[in-house]
Each structure stands twice: as C-alpha cells, then as structure tokens.
2 protein chains.
Amino acid sequence: MIKKVELTGVKEIARRANVSIGTVDRVIHNRKGVSDATRQKINLIIEEINYQPNKMASLLATKRNLNFAILIPKVSAETDYWTYPLNGIEQAGEEVKQFGIIIQYFFYDLDSRGSFNEAAEELLNCNPQAILLAPSFIEESTAVVKRINELNIPLVFINSDLPKQPSLTYIGPELYQSGRLAAQLTSLSIAHEDEIMIINISTDLENDHHLVRKEQGFRAYFNDSKLANPITTLNIYDTHIGSVEKSVLEALQQNPNVQAFFVTNSRVNIVAKILKKHNKTHSLVGYDFLKSNINYLIDGQINFLICQRPKEQGYLAIMALYKHLFNINEPEKAIYMPIDIITKENYRFYNS
Amino acid sequence: MIKKVELTGVKEIARRANVSIGTVDRVIHNRKGVSDATRQKINLIIEEINYQPNKMASLLATKRNLNFAILIPKVSAETDYWTYPLNGIEQAGEEVKQFGIIIQYFFYDLDSRGSFNEAAEELLNCNPQAILLAPSFIEESTAVVKRINELNIPLVFINSDLPKQPSLTYIGPELYQSGRLAAQLTSLSIAHEDEIMIINISTDLENDHHLVRKEQGFRAYFNDSKLANPITTLNIYDTHIGSVEKSVLEALQQNPNVQAFFVTNSRVNIVAKILKKHNKTHSLVGYDFLKSNINYLIDGQINFLICQRPKEQGYLAIMALYKHLFNINEPEKAIYMPIDIITKENYRFYNS
DNA sequence: TAACATAACGTGTACGTTAACGTAAAAACA
DNA sequence: TGTTTTTACGTTAACGTACACGTTATGTTA
C-alpha cells in the first residue's frame, strides 16, 4: 500500500512549464488561448515525460459513458457459431462496464445484404465511440468502413478482414494455414492411394472467400508433401440436409475410392449425420466447436474439428478497443488466432 | 457522451440514510465505528438502489500501489519452459500497471528445495498484497501457503495445484486428460500390434506427479479403447543426453517392436535428437512449445506436441488476482487450460 | 488617455470515493 | 463525582482531469 511518489500528470507538466494546469489542459485539448511559445514548451514536456492521461480521472471528470457498437451476424437457427463471439463480447462487456463502457448490439442476417446496411445505418446513428465489425459482405462493409474512418472512430474487424481498409486491428483466423492443417490431419488417417473429397456447403459460395482459402491451403499441403492422393471438390449450394445428402451420395458413387472428407466450414455435422445414416466410416475433418459437431466428435464420426477460438475473438476485440481508448496499449495490426485441433480427448477443456 | 442523471453513489445513500458519507464508507468497507442499527439501515439502502461503487473514482482515490509477488522457477539453460508463463505475467503486468499494480519477481531453482524456501522468505518479507505461486515442491510449498493464508493474502497457483490448500484459483493443466490425448495422437500413427514406450525423464521422478498422472491417462486411453498395444515404461533419472541415449538404445534393443514413444514432459527434444542421430523414424509425441521441440516438429522427428498455453497461464493468473482485488469478478476455483495439439502446420500461430 | 477588447493564463469547483482526522456523547472506571 | 476511554459518527482533503469563469497584461480605438 505504498503511496506513489512519481510525479506525473498535468500537475507535473504545469510545474515543469511554469504554467497552471489550465494552460496545460488547453494544450492537451487543442483549445485556443495559449501562445505558441508556451504551447510548444508544454508539448515538449508532454513528449519528454511521455504523458499518458489518466483515463479514470478523465472519465470521472467528464462523467460520460463510452458507447461501443457491435455489428455481427445474428445467431441463426442453422448454426450457432456466432453465439461464441457474442459470449466473448458479453464477457468483456461485463468486465469493462465499470469503466463506463456500454455496449450496443446490432445484428444482421447473413442471408441479406440489406439487413447489413440497415443495421449499419442504425449503428452510425447512435454515435458510438468505438466499433466492432464482422465484415461479411465485402462491398457493403467497405462502404460503411469508409464512413467510420471519416468519423475517426476506432474500429476492430472480427472473423473476416478488410485488409485494405484501415482499422485498429483484425482479430480472426488465418484461413490458408488452417486448410493446410486440415490436410495434415486428413493425411493421418488415410492410405497412400485413397481419394479425398473437399465439400463446400454454402448458399453464397462465390462471396465466401473463407472456404476458398481453406481449400487452397488444403490442396497446397498435399502438393508440398508430394502426396499423390486424388482430391476432388464438391460444391453444394443448397444447405438443406436432404439436398446435401443427395449430392454427397451421388458424388460417392462417382468416386468410390473416396476415403476421407474435408468439410470447409461448420456444416460438417450435416455430412456426419449422412455418413452415420449410411453406415459409412470415412475419415471426416471439419470446422468449429458447435454442439452438433461435438456430438459427432464424441461419436467418432468426426475425427477432428478445427477451431479458432471464436469466444476469444469477441473478447479480445472488445478488450483491444478498451485498451486503445484507455491508453493501456495498442494491438498488433492483425491478431491471428491459434488454429486449434479438437478431438474427443480434448474438447472438454476447450471452452472452460 | 450522454450525461448521467441518476442519483447514485455514497452521497445518495448518505442522503437517504440521514448520515454522512463517511459512515456509508465505513459500512461499505466493513470497518468498525458504526452502530448496528445504522449499519443495517445503510445496508438496506445499498441493496435497494443496487449500489455499484464507481471503480474509477475508487481507483483515483486510493492512489496506492499494489504489490503482486511472483514465485516461479527460474528459466534454466536446460529448458526455457518458464519463459512463457513469465512472458504472460509481464504482459499482464504492463496492462495493469496503470492501476498501480507493481509486480515483484522471485525465482527458485527447480533442482534446489533450499532455493525455494529462500525465495519464499524474501517474498513474504516484502509484504505483497497478492501472490502468484508455482508450487513445484509439495511439502515446502504447503508450508509457505499456510503462512500466506494466515496473512489472508490472495493466492493463485499456476502450473501445479495444491488442491488441499485454499487458494483463489488454480490455473494450469489437467494432466490425466492430456495423457489420454497423447495416447489418442500416438494411436493415429501406429499399427495394431506395434509396441509403445513411455519415457519419463526427470531427476526427481518420485516428486514429479505430473509425469505419473500423464502416464495414467495415457494407459487409460488404450485400456478404454480396447487397444492391445503393449506399453512399457522407461524411467530415466539422469537427464544428460549421453545417459538418456544409453537408456533409450538399451530399451530399444530389449523391445525391438517399439514403434512409438511418448515422452511425458518437455524433454522430448532429447529423444528426438537421439532418434535422428540413429536414423530412427519412430512416432514421437511429447510436451511443450519450446524452441528445441519446435525444431524437431518442423523436422518431422516429433509428430505432435501437447501444450497447455503456458503464456496464457501467467497472463490469466495475474488478471485473476487483479480482477479479484478490484472486485471485477471472481475466478472459478480451478481453471484448466485447453489441451492444445501442436503440429508443423499450426505452430506458427500458437504464440502470436 | 480613458474605455474597451482580446489574448494568455490562473483559479475554483466538480466528478465519486477513500481515509485520515476531529469531536461530541456515552460508557467505563477511579 | 470527576476523569478517561470508547463508540459513533461528521468533516475534509486528496486522487487526476475537465471546464467554466476570473484575472491579468497588452494592445486598440475613440
């Protein structure tokens, strides 16, 4: 409980500059009423002692709240992936709430670009001091991000990046490498000549660069490792199970030597269900810690799930904004989540 | 930027209770000097208006330094495992520094119980307000922990637990399950009849319950999975490479059908070196993200490393103490780290 | 030169909480 | 009874920042 002795803050600056704290305050806030000479002197001292304003005192003095606005996909019935980032955001929200941070949530429908634009408009209307964005639709997001940057509001991307748009940081997966990892895991459970099938299931495959990057990584691994296993790709645009079942069975008939599947997103549980129904014991690798996926992992129908800490992504994103605004530290330009392998023997400790 | 209008805080409580804020403060902090009647009245009002102290004001008012004391093994030349928790601790230290938290470091030698006791004594002498402890030596640690608990200093265990001793939380691995995972990974790359060898390398094996638990988990997996692969254990007490080499080669001669090794700690790189030297291509699974291990992972000599986020352990431990002391939230009684699988395809993103 | 304007700076109060300090009254003791 | 101790409070000065307002000094104009 030793009292601090360091001299910091406006008072110390004022003392060194032989002015009052009022003057220092004016310099800090770029208000007029200070001669150029004193302004320079004070700025010099600010540099010298590396002055970091005490955000606590500041918030206390201004007695205002900070609004953080979140714009992410809504949790759909089809996949509960976004519950995890949301949980992380909420947890972080609890922790920073006492610093006057209030989180406002806006959700959009992954099937509707219109809903994205609407939600973005609402978001901007409530004048947030920080924004967390999952830019699923590239063009629409880019437009919104440009406006955000004009307003000079700190912005964090989550789950997908818009590398050309300036932002505080991107927090999310590195897709290519995760595809490579999927390939390595697949190669563990197949023989020399076995065929492999990559399954992309998405209504909007053309816009879903996630899947493409993963497939590229997957194929690159086999290339680089000089593994000659034939790899075919099956694109499925209708995500309903009946339609998927039909496609998969057809493809299996055409490629009877397929021994392993790689599903490039979290819909791997659909494939697992189908394989189980037809008593198939193919190797199966897919994505994401969803309940329905975990069940098939325990079951043995899915061999590996790859996961990139969705909850942590949300948590870290809020924390990055908080730390930025409170001058605690600045994040890296991009934070790539570790690429985790989930098996039936380690899933229990994954989200504790 | 909306101004708050609510009437909250000690002032409002004092107004409602017809007392001064000083009295309210005494009630809030459970200090004496208040009659039971007023205390009750105030507590009632606190409940009523659901009083949440303003942490910013609080932090500002108690401009005190909090000393956190850390007692962990020193980074040895032999293994740099402890650099990772240390990094995590330092990072957390940076982040909480502006709340007046100062971290003091004490290190002990893993080969010397005496050094542990000495360091612990020094630590207690500087009257820390929170302690982070890696209780490697059970008896010595227990004695120290008892004294710490008498002093009512919040304490977090890291890496190993002392379940019988009260503590704020334990942050570290769950060893049994990690052994099971090692077994699953081993089973991926061996055939039906292949033999497996578990290698424990430790000068003080009897005290190293870590290794024992992992071995138990490993064997349990094979039992539960009805896999009949013979498993033998090789205990090596002399950790020098020459001695390990001799032991391993001897054991290999006696068990020529061994196709896979499981090294129960981070010294797996020693075994990798030996196997490489003798051109052996056994399957090899071991522990920890150390540089020397990663090199053999890239090399292909090690198939999998299991890792339990050492850096995060340190980070979370400090944060748990900080959040406890600042009433942000209380941790779970035990926080088991996810059991991560590191391969040559995902190690790059593990510690970013 | 008086009256006034403005630039440049200082002062005071507030934010909500903490804790040291002061004090009146009650209780304990001689 | 008087004296000391204890109990139960109230008062007040910080903490670092923000900002309205007050105060000089230095012009500028009538």
Practice item. Could you tell me which non-hydrogen atom of A/R26 sits nearest to which non-hydrogen atom of A/G33, and how far apart they are? Key: NE-O, 4.1 Å
Exercise for review: Using atom NZ of A/K32 as one end and atom P of D/dA20 as the other, report the distance to the nearest whole Å.
Suggested key: 14 Å
Point to revise | OP1 or OP2 of D/dC9 under 4.0 Å from side-chain N/O of B/T38 | key: yes
Revision key, fill the gap. Considering only heavy side-chain atoms of B/R26, the closest of D/dG10, C/dG10, C/dT17 is D/dG10
Review point. How many Å lie between CG on B/L59 and P on D/dT17, as a whole number?
Key: 14 Å
Point to revise | A/K97 with A/E90: basic N within carboxylate O range, under 4.0 Å | key: no
Point to revise | Selected nucleotide, minimal atom distance to B/D25 side chain, candidates D/dT17, C/dT18, C/dG10 | key: C/dT18
Practice item. Would you mind reading off the distance between B/H29 atom NE2 and C/dA19 atom C1', rounded to a whole angstrom? Key: 9 Å
Check your understanding: C/dC9 P sits how many Å from A/Q40 CD, rounded?
Key -> 13 Å
Point to revise | Evaluation steps, side-chain contact (heavy atoms from CB on, under 4.5 Å), between A/F107 and A/S115 | key: CA-CA 8 Å; A/F107 300 99; A/S115 75; over 6 Å; no
Practice item. Would you mind reading off the distance between B/I13 atom CD1 and C/dT18 atom P, rounded to a whole angstrom? Key: 10 Å
Exercise for review: Select base, sugar-phosphate, or nothing to describe what B/I21 touches, counting heavy atoms under 4.0 Å on all strands.
Suggested key: base
Check your understanding: To the side chain of A/Y51, which of C/dA19, D/dT17, C/dA20 is closest?
Key -> D/dT17
Check your understanding: D/dT17 C1' sits how many Å from A/L66 CG, rounded?
Key -> 15 Å
Exercise for review: Give the rounded distance in Å between these two atoms: CZ of B/R39 and C1' of D/dC9.
Suggested key: 12 Å
Revision key, fill the gap. DNA chain C nearest-nucleotide lookup for B/R31 and B/L60: closer to the 5′ end is B/L60
**Study point:** Below 4.0 Å: OP1/OP2 of D/dC15 and any side-chain N or O of B/T62
**Key:** no
Check your understanding: Which part of the nucleic acid, if any, lies within contact of A/N54, taking any heavy atom under 4.0 Å across all strands shown: a base, the sugar-phosphate backbone alone, or nothing?
Key -> sugar-phosphate
Review point. Base, sugar-phosphate alone, or nothing: which one does B/K55 contact when heavy atoms must sit under 4.0 Å apart?
Key: nothing
Practice item. Kindly indicate, with the supporting measurements, whether the criterion side-chain contact (heavy atoms from CB on, under 4.5 Å) is fulfilled by A/R309 and A/L316. Key: CA-CA 10 Å; A/R309 307 194 189 175; A/L316 288 177; over 6 Å; no
Review point. Can you check side chain to side chain donor-acceptor pair (under 3.5 Å) on B/Y336 and B/D161, steps first, answer last?
Key: CA-CA 11 Å; B/Y336 295 109; B/D161 200 4; 5.1 Å; no
Practice item. Grab the NZ-C1' distance between B/K41 and D/dA8 for me, whole Å please. Key: 13 Å
Review point. Taking the side chain of A/K11 as heavy atoms from C-beta outward, which of D/dC15, C/dC9, D/dT17 is closest to it?
Key: D/dC15
**Study point:** Closest-nucleotide ordering on DNA chain D, the 5'-leading residue of B/A57 and B/D36
**Key:** B/D36
**Study point:** Donor-acceptor side-chain pairing of A/Y81 and A/N159 below 3.5 angstrom
**Key:** yes
Check your understanding: Reckon A/T23 has a side-chain N or O less than 4.0 Å from the OP1 or OP2 of C/dA8?
Key -> no
Review point. When you measure from the side chain of A/S58, which nucleotide among D/dC9, C/dT18, D/dT17 comes out closest?
Key: D/dT17
